[in-house]
Amino acid sequence: MITRRNALTLLAGASALGVLAPRAAFAQSVDMELLGTAGPLGEMALGDENAPVTVYEYASLTCGHCATFHNQTWPLVKERFIETGQVRLVMREFPLDTLALAGFMLARCEPDKYWGVVDMLFELQREWAYSERPRDALEQLMRQAGFSQEKFEACLNDRALYDAIIDVKTRGEQLGVNSTPTFFFNGEMRRGALTIDEFEAIVAPMLEG
């Protein structure tokens with residue numbers, strides 16, 4: 001269990017905890033009211049609010065399959081669907097371990113830099129999440145995003161921020177999320193690191209309808 005007490009303690013020297021194995025993608029309908037309820041910190045979303053397709057992504061920053069999606073598929077999704085107004089993507093934090101929790105807390109500390117920090121942490125995942133000194137590696141990366149040591153420490157010790165991210169994860173579990181990445185396309189659940197072809201195959205019928 002991720003607790004306030006061990007969130008920063010683990011960062012002092014441990015490497016990332018193992019992540020859950022990916023599960024096969026499948027469709028499942030969910031409680032749309034619960035899915036559409038924003039967390040305490042509000043939504044982090046890209047795309048037109050009136051886009052015909054809304055995608056909710058539950059991800060963990062230490063999940064290798066999430067990194068695969070963000071490093072390979074996400075740039076193409078932005079180009080083909082986000083920037084053209086067809087899809088709106090909402091990121092939902094679902095940390096699988098304390099390092100992922102810390103990464104999301106740091107990203108949320110600077111809302112204007114959120115997507116840049118998330119992209120950076122996925123791109124350089126192996127440099128910090130699997131380091132022998134993950135805290136130091138994470139702090140060094142966050143300096144590139146303009147974080148001072150004082151800000152870095154303050155973010156990781158922000159209890160309200162911790163509680164808010166855990167709230168998002170808890171509601172994700174209530175929706176049936178138990179692995180990452182998990183996506184909801186207009187309420188339809190799909191699990192796994194989707195390729196651009198798989199993503200497009202799901203979205204295309206929704207756009208036509």
* **Ring geometry between F94 and Y58 (parallel below 30°, tilted from 30 to 60°, perpendicular above 60°)** =>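 Ring orientation, 0 to 90° scale: perpendicular.
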* Asked: Taking the six-membered ring for Trp, are F199 and F183 parallel (under 30°), tilted (30 to 60°) or perpendicular (over 60°)?
  ->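 Ring orientation, 0 to 90° scale: perpendicular.
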[X] and [Y]: which non-hydrogen atoms are nearest, and at how many Å?
| X | Y | result |
| --- | --- | --- |
| L207 | P52 | CD2-CG, 3.5 Å |
| T182 | R191 | OG1-CG, 3.6 Å |
| L101 | P95 | N-CB, 3.4 Å |
| A102 | L138 | CB-CD2, 4.2 Å |
| F147 | C155 | CE2-SG, 3.8 Å |
| A164 | L41 | CB-CG, 3.5 Å |

Side-chain touch [X]/[Y], heavy atoms, less than 4.5 angstrom:
| X | Y | value |
| --- | --- | --- |
| P181 | H70 | no |
| R190 | I202 | yes |
| F104 | L121 | no |

N/O donor-acceptor pair under 3.5 Å between [X] side chain and [Y] backbone:
| X | Y | answer |
| --- | --- | --- |
| K113 | A107 | no |
| K169 | E93 | no |
| N71 | A67 | yes |
| Q125 | L61 | yes |

* If a pair satisfies salt bridge (Lys or Arg N to Asp or Glu O under 4.0 Å) and one of its residues is in residues 50-73, list it, with sequence neighbours excluded. =>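 Residue pairs with at least one partner in residues 50-73: there are none.
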* For residues 196-209, which residue pairs qualify under salt bridge (Lys or Arg N to Asp or Glu O under 4.0 Å), counting only residues two or more places apart or in two chains? ->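 Found R80-E200.
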* Charged N to carboxylate O below 4.0 Å: is that the case for D167 and R171? ->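 Here D167 pairs with R171 in a salt bridge, since their nearest N and O are under 4.0 Å apart.
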* Asked: Quick one: is the NZ or CZ of R159 closer than 6.0 Å to the six-membered ring centre of Y162, and within 45° of its axis?
  ->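 Judged by the rule, R159 and Y162 form no cation-pi pair.
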* To do: Tell me, please, which residues at least two apart from E43 pass side chain to side chain donor-acceptor pair (under 3.5 Å).
  =>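 So E43 forms a side chain to side chain donor-acceptor pair (under 3.5 Å) with R92.
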